[in-house]
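The structure presented is a predicted model; accordingly, all values stated were derived computationally and were not measured. Proteins get letters first, then strands, A, B, ... in listed order; numbering begins at 1 in each.
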Amino acid sequence: MTASQGEQLPIRTSEEVVVVRQAVRKWAVAAGFSIIDQTKVVTAASELARNTVVHAGGGTVLIEQITSGERRGLRLTFEDSGPGIPDIELALKDGYTTGNGLGLGLSGSKRLMNEFVITSTVGHGTKVVATKWK
Amino acid sequence: MERIPILKMGDCLLVTVQVDMHDQMALTLQDDLTTRISQTKAKAVLIDISALEIVDSFIGRMLGNIAGMARILDAQTVLVGMRPAVAITLVELGMSLPGVRTALNVERGMDLIRMSPANRSRHDRESR
Amino acid sequence: MPKPASSKLSEVLLRYESDILATWMQLQLSAVKHRGDLIKNSDLREQSARFLELVREGVQTGDPNVQSGAAWAATREMLESLSRSRAKLGFTPAETASFVYSLKAAIFERLREEMGSNPQALVTEIITASELLDVLGLLTMEMYQKGREGVIARQQQELMELSTPVVMLWDGVLALPLIGTLDSGRTQVVMENLLQRIVETGASIAILDITGVPTVDTLVAQHLLKAVSAARLMGADCIISGIRPQIAQTIVHLGVDLGNVTTKATLAEAFRVALNRTSRRIVDADFQASTTGA
């Protein structure tokens with residue numbers, strides 16, 4: 001798997017969540033995603049970017065176009081240095097929430113993407129790598 | 001601050017969301033709408049989201065909240081114009097907005113409001 | 001790789017190319033694995049001649065890197081298209097690979113005739129030639145596999161599109177006769193087609209007919225409900241029809257929750273409901289004539 005090009009953006013406010021959505025849309029279009037896949041990846045990005053703002057007080061996202069063999073995809077890497085997630089399995093359950101949302105952010109965005117990996121250290125931060133293949 | 005305009009047509013409020021809303025904007029719309037419903041005694045709210053390219057869980061929750069609050073204020077809400085890709089994504093995300101009535105477009109939404117039992121009986125009363 | 005070792009092989013290939021080709025062709029045509037029913041002799045001869053030529057050229061460069069060396073690029077390319085076409089024609093993997101492996105015997109025989117007096121050098125040459133053809137044979141298998149996967153993926157896609165038509169029953173009423181199992185990939189296609197047609201036709205009711213769905217377990221029910229939810233978000237109501245008695249039993253036994261979706265035993269029954277909801281009804285022609293006439 002190789003990354004051909006990418007872009008890194010800060011996520012500190014809910015306005016910047018909108019900027020992330022627009023950037024991810026642009027990359028999804030460039031990667032040749034169908035309208036439905038574009039919508040799925042942008043929605044997942046929106047959920048994950050909001051999580052970064054709400055739970056960690058901000059962070060960054062790296063958007064990369066990747067290829068593996070003949071497949072093309074988009075990889076989103078969200079990183080923050082917030083409080084971290086003590087129990088990832090629990091956090092991935094539908095309806096589990098620490099904020100005042102519906103608890104669909106993590107579990108829902110996982111369903112919208114093809115690959116989804118969370119690593120988190122309590123007190124140090126969280127990293128979510130989510131990939132969508134064309 | 002940027003605000004989503006709310007139009008009044010008879011006893012119906014019409015909201016057309018045309019920009020990619022950030023969260024604060026969505027919350028402001030929720031506040032503005034509930035205030036307007038109670039001020040104008042509107043009986044229906046029509047929200048047109050045909051321009052929206054995505055609805056994530058936050059916007060979805062806001063739409064559900066608006067419908068719920070409107071119901072308490074004795075107004076019905078109809079959500080119209082959701083795009084196919086948005087509908088599929090929202091379902092995949094785990095949200096099906098069970099408490100919100102829906103229609104294909106503004107015209108159909110208006111029909112739905114006109115034909116609803118609450119509205120009909122009110123018309124009957126008024127015509128008497 | 002010791003250069004002199006391959007120079008003998010290269011020399012033999014160069015000098016006896018047409019002899020080797022003749023022996024090889026004979027071997028291939030008389031082999032048990034020969035598929036005269038799938039490939040014409042003239043095509044096989046053409047492919048064999050081309051391959052032998054490429055191998056000769058490759059050996060002459062002395063580049064030992066068959067897997068990825070530039071000297072062997074043309075050979076690999078040729079094998080790739082050959083494997084792909086044979087996979088499509090219906091050759092088995094073994095039949096495909098034997099194309100490369102059968103060349104061994106032809107080359108070994110010629111080497112033996114040339115170097116029979118020097119057994120040690122002969123063994124070295126045979127090992128070199130054998131290693132070379134082994135790698136090419138394995139590449140062929142790998143490429144065959146890839147070609148096969150491509151065929152399967154394409155067929156799946158075609159099957160999916162074929163098996164999910166959306167038909168218009170009446171103004172404003174759509175029907176989806178679902179055939180086969182509903183997995184998540186299928187559901188996506190079904191949803192996309194359904195929602196697209198709702199937009200195009202402005203339909204307000206869609207009937208999902210599951211007469212052709214063999215079983216409805218929890219997962220299939222979930223997929224069905226997803227399609228129903230997505231259609232509802234766009235303002236269309238769904239009715240599920242074609243629920244056979246066994247399916248009704250499984251649904252209850254498994255405790256599958258179909259929510260508050262209207263279900264009907266037959267498509268006809270569902271259609272009647274759909275017409276009713278759109279303020280229409282079917283009237284017996286004779287009955288209507290007699291009432292309007294009266």
Of all pairs that satisfy side chain to side chain donor-acceptor pair (under 3.5 Å), the ones with a partner from residues 203-214 of chain C, not counting sequence neighbours: C/Asp209-C/Thr211, C/Asp209-C/Ser241

Matching residue for B/Val91 among C/Thr187, C/Val228, C/Leu233 - test: side chain to side chain contact (heavy atoms under 4.5 Å, CB included): C/Leu233

C/Arg272 atom CZ, over 12 foreign heavy atoms within 6.0 Å: no

Separation of C/Gln188 CD from B/Ile88 CD1 (nearest 0.5 Å): 6.0 Å

Residue part contacting chain B, namely of C/Leu225, when any heavy atom lies under 4.5 Å: neither

Which portion of B/Leu104 sits near chain C, non-hydrogen atoms under 4.5 angstrom: both

Within 6.0 Å of NZ in C/Lys226, more than 12 heavy atoms from elsewhere: yes

Minimal non-hydrogen separation, C/Gln196 against B/Pro84, with atom names: OE1-CG, 4.2 Å

Neighbour count >12 (heavy atoms, 6.0 Å) for atom CE, C/Met168: yes

Distance, nearest 0.5 Å, that separates CE of C/Met234 from CG of B/Asn105: 10.0 Å

Nearest heavy atoms of B/Ala87 and C/Ala230, plus distance in Å: CB-O, 3.7 Å

Heavy-atom side-chain proximity of B/Arg83 to C/Val199 below 4.5 angstrom: no

Atom CD of C/Glu77: over 12 foreign heavy atoms under 6.0 Å: no

Heavy atoms of other groups near C/Asn260 CG, more than 12 under 6.0 Å: no

Heavy-atom neighbours of B/Met110 CE exceed 12 at 6.0 Å: yes

Nearest non-hydrogen partners of B/Glu92 and C/Met191, listed with the distance: OE1-CE, 4.3 Å

